[in-house]
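For reference, the structure is listed below as C-alpha cells.
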Amino acid sequence: MFFIMPLYYLNMQLLFIHSDYIEYEAKEKTRVAEPISESKERIEEVLVVFIAVEREDEQDARYVVEKASEETISVFNKVGAERIVLYPYAHLSSELASPERSIEILSGMEENLRSRGVEVKRAPFGWYKSFTLRCKGHPLSELSRKIQGRVKAGEIGVEKLSKALEAEEKAESHFFFMDTGNKGGLIKPEDFELDGSENLQKFFIYESEKRRAVDKVPPHVELMKRLEIADYEPSSDPGNLRFYPKGKLIKALLEDYVRNSVAEYGAVEVETPIMYSVGHPSLKDYLERFPARQYSMAGKGGKPDLFLRFSACFGQFLMSKDMGISYKNLPLKMFELAPSFRKEKRGELVGLRRLRKFTMPDMHTLCRDMKEALVEFKKQYELCMRVLEGIGFSPRDYEVALRFTREFYDDEANKEFIEELVRIAGKPVLIERWDQRFFYFVLKFEFNFVDALEKASALSTVQIDVENAERYGIKYVDANGEEKYPIILHCSPSGAIERCMYALLERAYLDMEDGFLPRLPLWLSPTQLRIIPVAERHLEYIEELLPVLTGIRVDVDDREETVSKKIRDAGREWIPYVAVVGDKEVEKRTLSVTIREESGNLSLEKKALPMDVPELKERIEEAIKSKPFRELPFSYKLSERARFVGG
RNA sequence: GCCGCUGUGGCUUAGAGGUAGAGCGGCUGACUCGUAAUCAGCAGGUCGUGGGUUCAAAUCCCACCGGCGGCUCCA
C-alpha cells in the first residue's frame with residue numbers, strides 16, 4: 001500500500017519464473033567461469049530466479065543477500081514451488097558487479113535459502129549455457145523485483161514491478177482518519193484514537209492489509225440456504241446463484257424500494273442492453289484494463305465479439321451521447337436496475353457477498369460543472385444514508401470511506417466540503433488520498449459493511465467522474481450556445497441488491513451472537529404474520545379473518561403437526577408475528593400473538609399477547625407503511641407449500 | 001488463475017482398503033393436539049465425475065468439476 005520510492009539507486013535485479021521444469025547445460029567457458037562438476041541439470045516444479053548482481057550491491061553484500069533471499073522466499077511460498085534454482089543472468093543489468101563479488105553474493109543467497117530449509121540449486125556462473133524452461137503461466141508465475149535501497153540509512157522498501165500492476169502503483173495512496181470535531185483535517189492512523197469505533201478499526205485493517213486469517217464459512221451462506229433465499233447453482237458459472245421464492249421476493253422488494261427512492265430524488269428509469277461490441281472505441285480502455293474479467297462471446301471467425309456489461313455505465317453513456325442536452329436539463333439523472341456481470345476470480349466468490357452475476361442499481365447524473373457536481377454529490381450522499389436506513393441499516397452498521405486525489409483536497413473549498421461530509425456522517429470516517437488520479441474519478445465515497453468475519457464490503461457509493469464525458473463524447477449546450485462536457489456522477493444508492501441481502505443476513509447473525517433473536521426487517525420478511533390453528537376445527541375462523549388482513553403477507557400453518565412443532569418452525573423461519581388460534585380465541589374473536597422483535601433476548605421466555613385483529617393489522621401496517629409491498633409468492637396454506645431446500 | 005482444505009440419499013452427517021448407517025425432510029397410519037421437535041412403519045444412496053492402484057476402493061493415487069479459506073483482485 002505504502003510504496004517507498006527509491007531516492008538514489010536500485011540494485012540487484014531478480015526475475016522469477018515459476019516453472020514446470022528447467023533444463024540447462026553448461027556449454028562453453030567464459031573468462032570468469034567458476035569450476036563445475038556437473039554440466040547438465042533438469043529440475044522440476046521449480047521457482048527459477050534469474051539474477052543480475054549490480055555494482056552497487058558490492059557496497060553492502062550482506063544486506064543484499066538477506067533482502068534478496070527474503071524476497072525469494074516470499075515468492076517461493078506464494079506460488080507454492082517445490083525448489084529453487086538460482087540462475088545468474090547478466091543481461092538483466094548494464095552495470096554488473098565484479099564476477100568474484102557476484103559469485104560471493106550468489107553463494108550467499110544459496111546458503112541463506114538452504115538454511116531456511118529450501119532445496120536450492122545454483123546454475124554455474126560464467127558459462128555459456130543452453131536452457132529450456134516451461135513457465136506455468138499463472139498470474140504470479142512471472143514476477144520481477146529490484147532489491148531497492150537508499151543512500152541514507154533507514155527505511156528500505158521493495159518495489160514491485162509486475163507489469164500489469166504498474167499503472168496502479170504509480171498512484172501512491174495514504175490512509176487517514178477524519179473526525180466530526182470542528183478542527184477537521186486529516187489525522188494519521190498512528191495519531192488517531194480508535195476507541196469506541198471497533199468497526200472502523202476493523203474496516204481500516206481490512207483496507208490497509210486486505211487480509212484476515214479466518215477459517216470459517218461466512219455465516220450468511222448457511223442462512224441464505226436454510227431460509228430458502230438463495231443457493232449455488234452448480235450447473236452455471238460459479239457466482240451465478242439461484243433464488244428461491246422467498247429470496248426472489250426479498251430481492252424484488254429491495255429493488256422496488258431503491259427504484260422508488262431514486263425516482264423521488266428525480267431520476268428517470270431507463271433500460272440499456274446487457275451486451276456490447278468489443279470493437280467500440282470508447283469501451284476499449286475498460287476492456288484492455290480488465291480483459292480477464294469479462295464474459296465474452298465468440299463472434300464471427302472465432303473472435304470475441306460481444307461482452308457482458310459489468311455495470312450500466314456504457315449503456316447510459318452511449319444513450320447520453322446521442323441526446324441533445326441543454327444546460328436547462330441538468331442535472332440529468334438516469335437510473336437503471338442493472339443486471340451486471342463481472343467474471344471475478346474464482347477465489348473471490350463467496351455466497352451473496354461477491355457474485356459474477358448481480359443486480360446493480362446504477363444511477364448517473366450529468367452535471368454542468370464541478371460546483372453542481374458537488375451539490376448533487378452531497379444530496380446523493382444523504383440519499384444513500386436514507387436508502388440504507390430504509391432498508392434496515394443504521395449508521396452504526398456501516399463505515400464511511402472518503403477517497404480523493406491530493407489535487408482535489410488541496411483546494412480549500414473542497415476541504416470544507418469533505419469536512420461537511422464527515423459532519424453529516426456523524427462519526428469518524430476513513431480517508432484515502434491518492435497522490436495522483438489514476439482512474440476516472442477525483443472523489444468517491446462508500447458506505448462499507450463489516451461482517452462477522454471482519455471483512456468489509458461496499459454498499460452505497462458515489463463517484464465524481466471527470467473523464468468519461470469526453471471519452472464518450474457526451475456534451476451539453478450551455479447558456480452561450482457552447483458545447484461542454486458535463487461532470488458525471490456514478491451512484492449506487494444501496495450497492496448491489498444481493499450484497500444488501502448478504503449484509504442483512506450477516507447483521508442478523510451478529511445479533512444472534514450478541515444473544516438476540518435474528519430477524520429481517522418486517523417489510524422484507526416473506527411471511528409477516530403466521531397464524532397457527534390449535535386444531536383443524538379452528539381453521540374456519542381463520543379463513544374468516546384473512547379477508548380483513550389484506551396488505552399483509554399472512555400464512556396459515558394448517559399442517560397436521562403439534563402446536564409446539566409449528567411454533568418452533570415459525571421461529572426457525574424468523575417470522576415476526578406468530579398468532580395462535582384455539583377455542584379461547586375463536587370464542588373471544590381475538591388472536592394470541594407473539595412478537596419476535598419484543599421477544600428480543602434468546603433466553604427470555606416468549607409471552608403471547610391477546611390482540612384483536614384490527615389492532616394487529618394496524619400495528620403491522622404502521623410498521624411497513626412507506627415501504628413497497630408484494631403479495632405472498634406462494635400458497636397461504638403451509639400444507640400446500642413446496643420446500644425448495646431439504647431439511 | 002495459483003496454494004491449502006473439502007464433496008457420502010432432498011438437507012445435516014457416521015464410516016479412514018473387505019461390497020453403506022443415522023437424524024431431519026418425504027410418504028403411509030395413529031393422535032385433534034395451547035407456545036421451540038407426538039408415536040409407529042415405508043421408500044430413498046452406482047459415496048461429485050472420469051481414470052488408475054488392488055483379489056477387493058466411499059476409503060489410496062491422478063485429472064476434472066463444485067464448495068470453503070488464503071494469495072491476488074474488486075472498473
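Numbered from 1 within each chain, the chains take letters A, B, ... in sequence-line order.
Residue contacts for A:Lys566: at a heavy-atom cut-off of 4.0 Å it reaches no nucleic acid atom on any strand shown. A:Glu585 comes within 4.0 angstrom of a nucleotide base, judged by non-hydrogen atoms across all strands. Counting any heavy atom pair closer than 4.0 Å across all strands shown, A:Arg226 reaches no nucleic acid atom. Residue A:Ser311 is out of contact with every strand shown, counting any heavy-atom pair closer than 4.0 Å. Within 4.0 Å of A:Val580, counting heavy atoms only, lies at least one base atom of the nucleic acid. Nucleic acid contact for A:Val578: none, since no nucleic acid atom lies under 4.0 Å from a heavy atom of the residue.
Atom C1' of B:rC31 sits at a distance of 15 Å from the matching atom of B:rG41, rounded to the whole Å.
Look at CG on A:Leu308: it is 16 Å from C1' on B:rA75, rounded to the nearest Å. Between the CZ atom of A:Arg530 and the P atom of B:rG34 there is a distance of 19 Å, given to the nearest Å. Remark: C1' of B:rC33 and NZ of A:Lys584 are 14 Å apart, rounded to the nearest angstrom. Regarding A:Leu223, its CG atom lies at a distance of 18 Å from the P atom of B:rC11, rounded to whole Å. Per the geometry, OH belonging to A:Tyr276 stands 15 Å off C1' belonging to B:rA75, to the nearest Å. Computed from coordinates, the A:Glu446 CD to B:rA75 C1' distance equals 13 Å when rounded to whole Å. In this structure, A:Glu228 places its CD atom 13 Å from P of B:rU12, rounding to the nearest Å.
Closest-nucleotide positions on RNA chain B for A:Gln463 and A:Val563 were compared, and the one nearer the 5' end corresponds to A:Val563. Comparing A:Asp569 and A:Glu344 by the nucleotide of RNA chain B whose heavy atom lies nearest to each, the residue mapping closer to the 5' end is A:Asp569.
Using a cutoff of 4.0 Å between basic side-chain nitrogens and carboxylate oxygens, A:Lys637 and A:Asp558 are not scored as salt-bridged. Electrostatic pairing of A:Arg353 and A:Glu506 does not count as a salt bridge here, judged by no charged N lying under 4.0 Å from a carboxylate O. For A:Asp569 and A:Arg559, the salt-bridge test passes: some basic side-chain N is under 4.0 Å from an acidic carboxylate O. Under the 4.0 Å criterion applied to side-chain N and carboxylate O atoms, A:Glu399 and A:Lys202 are not assigned as salt-bridge partners.
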Any protein N or O atoms within reach of nucleotides 61-67 of chain B? Criterion: under 3.5 Å, listing atom names and distances.
{"from": "B:rG67", "atom 1": "OP2", "to": "A:Arg346", "atom 2": "NE", "distance (Å)": "3.1"}
{"from": "B:rG67", "atom 1": "OP2", "to": "A:Arg346", "atom 2": "NH2", "distance (Å)": "2.7"}
{"from": "B:rG67", "atom 1": "O3'", "to": "A:Tyr232", "atom 2": "OH", "distance (Å)": "3.3"}

Taking only nitrogen or oxygen atoms into account, show me every contact under 3.5 Å that the protein makes with nucleotides 37-44 of chain B, one pair per line with its distance.
{"from": "B:rA37", "atom 1": "N7", "to": "A:Arg568", "atom 2": "NE", "distance (Å)": "3.4"}
{"from": "B:rA37", "atom 1": "N7", "to": "A:Arg568", "atom 2": "NH1", "distance (Å)": "3.4"}
{"from": "B:rA37", "atom 1": "N7", "to": "A:Arg568", "atom 2": "NH2", "distance (Å)": "3.4"}
{"from": "B:rA37", "atom 1": "N6", "to": "A:Arg568", "atom 2": "NH2", "distance (Å)": "2.4"}
{"from": "B:rA37", "atom 1": "N1", "to": "A:Arg568", "atom 2": "NH2", "distance (Å)": "3.3"}
{"from": "B:rU38", "atom 1": "OP1", "to": "A:Thr562", "atom 2": "OG1", "distance (Å)": "3.3"}
{"from": "B:rU38", "atom 1": "OP2", "to": "A:Thr562", "atom 2": "OG1", "distance (Å)": "3.1"}

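With B:rA75, B:rU32, B:rG25 as the candidates, the nucleotide lying closest to the side chain of A:Arg643 is B:rG25. Out of B:rG34, B:rA36, B:rU35, the shortest distance to the side chain of A:Val534 is found at B:rG34. Comparing atom distances between the A:Lys455 side chain and each of B:rG70, B:rG69, B:rC33 picks out B:rG70 as nearest. Of the candidates B:rU32, B:rG69, B:rA75, the closest approach to any side-chain atom of A:Glu536 belongs to B:rU32. The side chain of A:Lys345 has B:rG1 as its nearest neighbour among B:rG69, B:rG1, B:rU35.
Put simply, the side chain of A:Glu348 and the base of B:rG70 share no donor and acceptor less than 3.5 Å apart.
Applying the side chain to side chain donor-acceptor pair (under 3.5 Å) test between A:Arg530 and each of A:Thr594, A:Asp555, A:Asp557 identifies A:Asp555 as the sole match. Screening A:Arg643, A:Lys246, A:Lys248, A:Arg572 against A:Glu228 for a salt bridge (charged side-chain N to carboxylate O under 4.0 Å, His left out) leaves a single residue, A:Lys246.
Under the 30°/60° scheme for interplanar angles, the aromatic rings of A:Phe644 and A:Tyr244 are found to be tilted. By the 30° and 60° cut-offs, the orientation of the rings of A:Phe439 relative to A:Phe441 is perpendicular.
Taking the centre of each ring, A:Tyr276 and A:Phe314 come in below the 6.0 Å mark.
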Q) Just the dot-bracket of RNA chain B, please: which string comes out with Watson-Crick or G-U pairs under 3.5 Å, [ ] for crossing, | for another strand? A) ((((((((.[[[[.)..(..]]]].(((((.......))))).....[[[[[..)....]]]]])))))))....
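Side-chain N/O atoms of A:Gln463 and A:Tyr440 include a donor and acceptor closer than 3.5 Å.
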